[in-house]
Amino acid sequence: MILHWREALENKNDTFGTEGGSALYAIIVHGGAGNIRSKDPERIEIGIKKAVEAGLDVLKKDGRSIDAVEAAVKVLEDDPTFNAGTGAVLTFDGEVEMDAAIAYGPNLDFGAVAGVKNIRHPISLAKKVMEKTDHVLLAGNGANDFAKLMGSEPHDPTTQERKKQWEKYRKQFINGDYKDWPKLRKLFQEHPEFLHGTVGAVAVDSHGETAAATSTGGVFLKFLGRVGDTPIPGAGTYATPNGAASSTGLGEGMMRVLITKVAADFLRMGLDAPHAAEAVMNYLDNTVGTEAGIIMVDRHGEIGFAHNTPDMPYAYFKEGMAEIESNMR
Ligand code: ASP
């Protein structure tokens, strides 16, 4: 039910958790949008279910959603099947530069890192930015220095599989057979000197607190220094007292639509997570029209998901369900 605009403006739901009461917990994770089934559906399904299990271990013990989404994303960052942490895609130059963000709904807290290298768990570094600094987003060398300060051991996330894909895509790109990046392709033709080279979880816990986490290597063949939607508040990741959202797809479109912020606004206006996810996808389709997918929870324990890509593998569990559900489409 959509509220009247005046009721929506005066919405009293922007409060912290359930003020001592108990709520239904729920978690949903995604393994990226695109054409996934052609890759390795079995490995993907095992991975996203394991991630939900890791989050549930936290939620079942009355733990906090912020720890549940971190635990879920860490599992996916360690799984080379996914474009986050180990197995992240390579830039045009053949390096791995990763973005990650975590958002805590009750007080709009946010921590993010952009363009970090040689880190095993970018999501945990993003959480440290939120908890240990007064900043929201650290990028590049500064973020890597902060990682060292926090005791992070160097870790090379490059896998042989990704390197092979990079070689193939780069060759196609240079030969003009790669369909993405039309503007960059032209730029490379005009300036040959340029030619040297996702996962998410959202949860609500038994205290009614919401949280979101997203981690990615970005997109294949991106420019060094390119930052996508993932670490930008309201673009790839967002949480408010009403709900939380994580998106996947072409960041350049989602940053312009602020897809997760708009989704959170729909929740505040009275939509539940399933309807808010559909409504925001419709908005994106009618505006930038780029490839995207979104997962959401609302404070009442409802989950939502929508995508305009052929697939977006996701897995979820809501309190009361017999087992984890997953969908590879
Ligand atoms: N949204 C990510 C980015 O553009 C990529 C993805 O979701 O696969 O960096």
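Side chains are part of it too, since the values below use all heavy atoms of this structure and drop only hydrogens, waters and symmetry mates. Not measured: the values here are computed from a predicted model. Position 1 is the first residue of the sequence; numbering continues from there. Both ligands and their constituent atoms are indexed starting at 1 by order of listing.
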Measure from every N or O atom of ligand 1 to the protein's N or O atoms and keep only the pairs below 3.5 Å, writing each with atom names and distance to 0.1 Å.
from: ligand 1; atom 1: 1 (N); to: D229; atom 2: OD1; distance (Å): 2.7
from: ligand 1; atom 1: 1 (N); to: G249; atom 2: O; distance (Å): 2.7
from: ligand 1; atom 1: 4 (O); to: R226; atom 2: NH2; distance (Å): 2.9
from: ligand 1; atom 1: 4 (O); to: D229; atom 2: OD1; distance (Å): 3.3
from: ligand 1; atom 1: 4 (O); to: G249; atom 2: O; distance (Å): 3.4
from: ligand 1; atom 1: 4 (O); to: G251; atom 2: N; distance (Å): 2.9
from: ligand 1; atom 1: 7 (O); to: T198; atom 2: OG1; distance (Å): 2.9
from: ligand 1; atom 1: 7 (O); to: T248; atom 2: OG1; distance (Å): 2.7
from: ligand 1; atom 1: 7 (O); to: G249; atom 2: N; distance (Å): 2.8
from: ligand 1; atom 1: 7 (O); to: G249; atom 2: O; distance (Å): 3.4
from: ligand 1; atom 1: 8 (O); to: T198; atom 2: OG1; distance (Å): 2.9
from: ligand 1; atom 1: 9 (O); to: R226; atom 2: NH1; distance (Å): 2.8

Y316 OH to K49 NZ distance, which is reported to the nearest 0.5 Å: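 Y316 OH to K49 NZ: 11.0 Å, rounded to 0.5 Å.
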Counterpart residues, ring pair (Phe, Tyr, Trp, His ring centres under 6.0 Å), relative to Y314 (two or more places apart):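 With sequence neighbours excluded, Y314 shows a ring pair (Phe, Tyr, Trp, His ring centres under 6.0 Å) to F305, given in chain and number order.
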No-hydrogen, no-angle side-chain donor-acceptor test under 3.5 Å, E77 and T86: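 The answer is no; no qualifying pair exists.
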Donor + acceptor pair across side chains of H30, S247 (<3.5 Å):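 No, no side-chain donor-acceptor pair sits under 3.5 Å.
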H275: partners by side-chain contact (heavy atoms from CB on, under 4.5 Å), with sequence neighbours left out: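 By the side-chain contact (heavy atoms from CB on, under 4.5 Å) rule, H275 matches L271, D272.
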Any residue meeting side-chain hydrogen bond (donor to acceptor under 3.5 Å, both in side chains) with E53, in chain and number order, not counting sequence neighbours: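 Here no residue qualifies.
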